Amino acid sequence: MAEPQKQKREEKQGLPELPLALANGEKVVMRFAPNPNGAATLGSARGIVVNSEYAKKYGGKFILRFDDTDPVVKRPLLEAYDWYLEDCAWLGAEPDEVVVASERLELYYKNAEELLKRGVAYVCFCPADVFKAYKDRKRACPHRAASVEENLESWGKMLGGGYDEKEAVLRIKTGMELEDPALRDWVAFRILKREHPRASVGRRFVVWPNLDFESAVEDHLLGVTHIIRGKDLMKSEKRQRFLYDHLGWNYPETTHWGRIKVQEFGKFSTSELRKRIERGEYEGWDDPRLPTLRALRRRGFQPEAVRKFFLSLGVSQTDIAVSLKNLYAENRKAVDALASRYFFVRNPKEMRLKAGKGGSFPLVARALKHPSRRADYREIRTGGDAVLISGDDFAKLREGEKIRLKFLCDVEIESVKPLIAKVVGSGSCTETTAKDFQIIQWAPTPAANGIKVAVKKPNGSEDEGVSEPLISEELGNVVQFERYGFVRIDSVLKEGREVVAYFTH
RNA sequence: GCUCCGGUAGUGUAGCUCGGCCAAUCAUUUCGGCCUUUCGAGCCGAGGACUCGGGUUCAAAUCCCGACCGGAGCACCA
């Protein structure tokens, strides 16, 4: 008797079930439909991840569709088309089909013509403000009463470039007396005499569909069964339903989610990012300060962490402000096992070593590459009688204090002003456990074989320091700088003598 | 102004459709402890929420009404 309940709980682990009202043998078809007017952001990632996840869950199809029908206000960026494909692949969401709206305008024209023939659309010549006045008074404008023939003629003239921009639009008849003003006779096509960035489209067309029309027609043509989109598009559904009714189509199931704000990034829009990048405020779309997927990838985030992060947000309709801490937590789990450990000292300070009783200096440290892989070592050679420690650790040192240079030896601080430390005991650190004193990381001096490292951080600042020689062999990998954080080795310069890393978290 | 939609811990989230198994789930964060040659990972423990007010009912986070708060649309943007 108690069985069914338990089962219910288990099932609720992933995303909620979609409402399934599919005909026999019909497959779930999901789509993600961005405007490629910039690189995919965290917001886009949610769409990619959730839609593709549902497609996977039900053994359905995932379509990537570029809604790029605004060559003016939200002009597409040519490179962004490929970037989206890369980002999808990176997120494990390779689309089963890719559709570019700007190359399918003729399909939309055909549907427009059909609507005109059925008398449920008309060419309207009202200036925007004049129409708004009619709309606010729930009155029809004179053009609404035009005959099918007149409309078809006007439409033909529109397509042929016979009107200027803003001179005419095509409207869908929904009813001027509708309660909700947002639904009254909405615009389906407008005139834009501007070249489209895609060479294959160029200047071939002057009549462009608006999102509501383009998206509605495409969803039907592509056989989309479920739409998940922002709740800012709720009215879109209502507008589009009139179109579906006019044409006798069945509207897909819809789910709307709320706005997502990432606390660390605040509000941002793709258009805004683009403006700033073009102004040179950022290095590019993968600048570590930006909330783009390209930037996250460069910082060393793992795709499965990004996926889990978005799946955990679900599809609720409330607006949310999430912290990246949740993403960091996921990524830490993903990256911890594969990141080798290295020492990095920020704002290095040289520590002179004085030989202890044994009379010699420890020259080589055998250090674990990973705390849970006990047989995996890396060697770090010191230059002899000096090492570097971080400025932060230096600031806390006091005379007479004992500390451990991890994997190398224990030392006692003799003096701080010139930093001098005496090697304690036999010059190794394997015999005693360091319960009662601090263990710090260190690095060889650049004069020995230390490597200069610049770490670029997401707040735009840069940390300078020194690390071990072996990191120059970690190009492209995520490593952990002990007691500092995870970083991705982004570039190796000057024949391996210098490294640039991006801070992950 | 008109029209939609939402409101569970610091942050997300489950539960709400079909009221009782909910003195409310899970994750993250915070705070303790264990372990550890990292301020990493892991393990253990603790704290913390149903916006408010009415109503229906034996019983309400769940249903109804109202208030309050928040968001969105009313573009020849997506």
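A quick note: this is a predicted structure, and the numbers were derived from the prediction, not measured. Quick note on labels: first sequence line is chain A, next is B, and so on, each numbered from 1.
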Practice item. For B:C16, give its Watson-Crick or G-U wobble partner with both distances under 3.5 Å, or none. Key: none
**Study point:** Row check, A:F268 ring normal vs A:R276 NZ/CZ: under 6.0 Å, within 45°
**Key:** no
Exercise for review: Counting heavy atoms from C-beta on, name the nucleotide in B:A78, B:A14, B:A41 closest to the side chain of A:D67.
Suggested key: B:A78
Review point. Taking the side chain of A:A321 as heavy atoms from C-beta outward, which of B:A78, B:G40, B:G12 is closest to it?
Key: B:G12
Practice item. Would you indicate what A:L233 reaches in the nucleic acid, counting non-hydrogen atoms under 4.0 angstrom: base, sugar-phosphate, or nothing? Key: base
Practice item. Determine which nucleotide pairs with B:C52, using a 3.5 Å limit on both distances of a Watson-Crick or G-U wobble pair. Key: B:G66
Point to revise | For B:A72, the Watson-Crick or wobble partner whose two distances fall under 3.5 Å | key: B:U3
Review point. Base, sugar-phosphate, or nothing for A:V322, non-hydrogen atoms under 4.0 angstrom?
Key: sugar-phosphate
Review point. B:A78 C1' sits how many Å from A:D219 CG, rounded?
Key: 14 Å
Check your understanding: Expressed in angstrom and rounded to an integer, what is the separation of A:K406 atom NZ from B:U38 atom P?
Key -> 4 Å
Check your understanding: So which nucleotide from B:A78, B:G40, B:U36 ends up closest to the side chain of A:D336?
Key -> B:G40
Point to revise | Distance flag, aromatic centroids of A:H143 and A:F125, threshold under 6.0 Å | key: yes
Practice item. Tell me which nucleotide among B:A75, B:C76, B:C74 gets nearest to the side chain of A:R171. Key: B:C76
Check your understanding: Across all strands shown, which nucleotide pairs with B:C21 by Watson-Crick or G-U wobble geometry, both distances under 3.5 Å?
Key -> none
Review point. Between B:G73, B:C76, B:G70, which nucleotide has the shortest distance from any of its atoms to the side chain of A:N210?
Key: B:C76
Point to revise | Between P of B:C5 and CE of A:M234, the distance in whole Å | key: 7 Å
Review point. Does A:F481 or A:K333 map to a spot on RNA chain B nearer the 5' end, using the closest nucleotide for each?
Key: A:K333
Point to revise | For A:R31, the option from A:D219, A:D67, A:N51 that meets side-chain hydrogen bond (donor to acceptor under 3.5 Å, both in side chains) | key: A:D219
Review point. Just checking A:E165: base, sugar-phosphate only, or nothing, at a heavy-atom cut-off of under 4.0 Å?
Key: nothing
Review point. Going by an N to O cut-off under 4.0 Å, is there a salt bridge joining A:R378 and A:E468?
Key: yes
Study note, to complete from the structure: Scanning all shown strands, the Watson-Crick or wobble mate of B:C43 with both distances under 3.5 Å is B:G33
Revision key, fill the gap. So CZ of A:R241 and CG of A:L183: to nearest 0.5 Å the spacing works out to 12.0 Å
Review point. NA contact type, A:D68, heavy-atom cut-off 4.0 Å: base, sugar-phosphate, or nothing?
Key: nothing
Revision key, fill the gap. Pairing partner of B:A27, by Watson-Crick or G-U wobble and under 3.5 Å for both distances, is B:U11
Review point. Reckon A:R184 touches a base, only the sugar-phosphate, or nothing at all at heavy-atom distances under 4.0 Å?
Key: nothing
Exercise for review: Let me know which of A:F344, A:F503, A:F486 forms a ring-ring contact (aromatic ring centres under 6.0 Å, His included) with A:F481.
Suggested key: A:F344
Check your understanding: Ignoring hydrogens and angles, are the base of B:U11 and the side chain of A:K325 linked by a donor-acceptor pair under 3.5 Å?
Key -> no
Point to revise | Euclidean distance, atom CG of residue A:L64 to atom P of B:A78 [Å, nearest integer] | key: 17 Å
Practice item. Indicate whether OP1 or OP2 belonging to B:U38 is found under 4.0 Å from a side-chain N or O atom of A:R404. Key: no
Check your understanding: Just checking A:L211: base, sugar-phosphate only, or nothing, at a heavy-atom cut-off of under 4.0 Å?
Key -> base
Point to revise | Listed nucleotide nearest any side-chain atom of A:Q480, set B:G12, B:A78, B:U38 | key: B:U38
Review point. In terms of side-chain heavy atoms of A:T318, which of B:G73, B:U8, B:U28 is nearest?
Key: B:U8
Check your understanding: To the side chain of A:A182, which of B:G73, B:G6, B:U37 is closest?
Key -> B:G73
Exercise for review: Looking at every strand, decide which applies to A:S316 at a 4.0 Å heavy-atom threshold: base, sugar-phosphate, or nothing.
Suggested key: sugar-phosphate
Check your understanding: Choosing from B:U28, B:G40, B:C74, which nucleotide comes nearest the side chain of A:P371?
Key -> B:G40
Practice item. Could you check which of B:U29, B:C4, B:G12 has an atom nearest any side-chain atom of A:R332? Key: B:U29
Practice item. Starting at atom OH of A:Y342, determine the distance to atom P of B:U38, rounded to an integer number of angstrom. Key: 18 Å
Exercise for review: Quick one: label A:D319 by what it contacts on the DNA or RNA (base, sugar-phosphate, nothing), any heavy atom closer than 4.0 Å.
Suggested key: sugar-phosphate
**Study point:** Enclosure of A:R381 CZ (heavy-atom neighbours >12, cutoff 6.0 Å)
**Key:** no
Exercise for review: Look through every strand shown and name the nucleotide pairing with B:U57 as Watson-Crick or G-U wobble, where both distances are under 3.5 Å.
Suggested key: none
